[in-house]
Protein chains: 2
Amino acid sequence: MRMSKGVEWAVHTLLNLAWVDHGRPVATAQLAAGHDLPGPYLHKQLQALVRAGLLESVPGARGGFLLARAPEAISMLDVVLAIEGDEPLFRCTEIRQCGLVGAECSGPDDFALPCAVKSALGRAETAWREALAAQSLADVGRATDEHAPNVGGAVRRALGSD
Amino acid sequence: MRMSKGVEWAVHTLLNLAWVDHGRPVATAQLAAGHDLPGPYLHKQLQALVRAGLLESVPGARGGFLLARAPEAISMLDVVLAIEGDEPLFRCTEIRQCGLVGAECSGPDDFALPCAVKSALGRAETAWREALAAQSLADVGRATDEHAPNVGGAVRRALGSD
DNA sequence: GAAGAATTACTCGGATACTGCGTGTCCGAGTGTAACGGG
DNA sequence: CCCGTTACACTCGGACACGCAGTATCCGAGTAATTCTTC
């Protein structure tokens with residue numbers, strides 16, 4: 001149960017696009033070179049971000065990708081769900097109703113309420129999602145600017161020159 | 001990034017052991033029949049719970065497994081880590097230091113502090129772990145007893161007869 | 001010199017192979033039980 | 001009748017195949033810029 005590395009790539013790429021911030025789109029090859037990532041695979045992740053509505057794609061010569069919304073309106077949860085999909089971490093298969101134990105539970109209301117295991121794990125997952133939703137791309141960028149003020153300029157030098 | 005189904009099996013099996021609660025161990029075949037699970041694979045998960053210190057194994061004839069601690073002392077986090085391993089969901093590969101952007105960041109302190117992306121995702125993971133650690137096996141069992149009082153007796157009838 | 005059309009080069013988009021982990025299974029080592037024989 | 005020994009059956013423990021999702025890659029469709037021709 002480990003998160004796909006595409007999430008890390010997506011967040012850094014979105015941050016780079018927020019830093020560059022000229023009206024022109026940036027091509028996949030430029031974004032990949034920025035962090036030495038395999039271009040075709042990064043391209044696949046960027047497509048997922050477009051489908052999720054986080055990026056705008058510009059086709060044709062001198063095309064590329066640019067942010068579809070302001071960095072304040074993009075949460076970490078949006079990025080994770082765009083890459084990983086919106087399926088829950090824990091999916092209950094209702095084994096409580098199977099086997100000898102399930103057969104012994106003949107009462108009509110024994111399974112009326114949700115499975116307590118599912119509820120317990122679900123509460124933890126809700127806390128995780130809320131913590132992700134509470135942090136925006138702008139927050140992460142601001143934290144980086146405060147801790148390492150040179151990074152923003154480095155991104156503009158590496159990707160801003162066209 | 002979905003959780004292994006072994007987690008669901010482990011929690012239900014631990015709950016069943018807590019309900020049965022006679023001093024004698026319960027064999028894998030009995031536990032598997034309780035929820036119609038594939039015995040050999042459940043056995044593999046139970047071994048992981050033994051390695052994590054949640055179960056005691058009793059070898060030999062009429063052997064099996066029994067809880068190593070009281071249900072109040074077993075948290076949902078213990079179970080998840082025992083099955084899934086204690087590696088973090090998000091592992092930072094420090095791509096911020098790679099590629100053109102990393103090369104432009106020549107400042108000595110640009111990478112001194114932790115990556116902001118890692119910190120942001122890590123905060124969410126901490127919230128998830130804390131929510132899991134706050135719920136014990138006894139809590140889940142109590143919730144089931146309140147919602148479906150017949151389940152405990154059903155487990156004892158299905159697994160308690162030896 | 002300016003306008004229009006054809007060409008060109010570059011980009012995104014989806015469809016296609018490969019690898020690692022989760023899933024499922026099996027057999028051997030070890031131990032407690034039970035039966036058996038002797039005192 | 002009681003005790004020691006032997007054989008046994010059952011259990012756990014780790015090692016061995018299979019399938020699917022993540023990983024990595026490629027080529028085709030589409031578009032904007034460019035260039036050439038014509039007026």
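The analysis underlying the following values was restricted to heavy atoms, covering all of them including side chains, and did not include hydrogens, waters or symmetry mates. Keep in mind it's a predicted model, so treat the numbers as computed, not measured. Letters A, B, ... are given to chains in the order of the sequence lines, protein chains preceding strands, and every chain is numbered from 1.
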What's the [atom1]-[atom2] distance between [X] and [N], to the nearest Å?
X       : N      : atom1 : atom2 : answer
A/Leu42 : D/dT23 : CG    : P     : 13 Å
B/Asp36 : C/dG24 : CG    : P     : 13 Å
A/Glu56 : C/dC12 : CD    : C1'   : 13 Å
A/Leu46 : D/dA24 : CG    : P     : 15 Å

Pair A/Arg2-B/Glu87, side-chain contact (heavy atoms from CB on, under 4.5 Å): steps then yes or no
CA-CA 8 Å; A/Arg2 80 186 187 290; B/Glu87 293 171 8; 5.7 Å; no
Between [X] and [Y], is there a donor-acceptor pair closer than 3.5 Å when you use the side chain of the first and the backbone of the second?
X        : Y        : result
B/Arg69  : B/Ala73  : yes
A/Glu104 : B/Ala158 : no
B/Asp36  : B/Ala33  : no

Considering only nitrogen or oxygen atoms on both sides, find all protein atoms under 3.5 Å from nucleotides 26-36 of chain C and state each distance.
none

Before you tell me yes or no, could you show the steps for B/Arg123 and B/Glu125 under salt bridge (charged side-chain N to carboxylate O under 4.0 Å, His left out), namely the whole-Å CA-CA distance, both residues' side-chain angles and the distance that decides it to 0.1 Å?
CA-CA 5 Å; B/Arg123 271 189 288 274; B/Glu125 187 171 335; over 6 Å; no
Answer whether the closest heavy-atom distance between the side chains of A/Trp9 and A/Pro38 falls below 4.5 Å.
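They are in contact (side-chain heavy atoms under 4.5 Å apart), so the answer is yes.
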Go through D/dG14, C/dG14, C/dC12 for me and flag the one nearest to the A/Phe65 side chain.
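The nucleotide sitting nearest to the side chain is C/dC12.
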By nearest atom, which of the nucleotides C/dG14, D/dG14, D/dT25 is closest to the A/Arg51 side chain?
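The listed nucleotide nearest to A/Arg51's side chain is C/dG14.
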Residue-phosphate contact under 4.0 Å: [X] side-chain N/O, [N] OP1/OP2:
X       : N      : value
B/Thr28 : D/dT11 : no
B/Gln47 : D/dG14 : yes
A/Ser57 : C/dT11 : no

Is it true that the side chains of [X] and [Y] contain a donor and an acceptor less than 3.5 Å apart?
X        : Y        : value
A/His35  : A/Asn16  : yes
B/Asp139 : B/Ser136 : yes
A/Thr93  : B/Glu8   : yes

Determine the contact category for A/Gly39: base if any of its heavy atoms lies under 4.0 Å from a base atom, sugar-phosphate if only primed atoms, P, OP1 or OP2 are that close, otherwise nothing.
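Counting heavy atoms under 4.0 Å across all strands, no contact is made by A/Gly39.
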Nucleotides 19-23 of chain C: which of its N/O atoms have a protein N/O under 3.5 Å away?
residue	atom	partner	partner atom	Å
C/dT23	OP2	B/Ser4	OG	2.5
C/dT23	OP2	B/Tyr41	OH	3.2

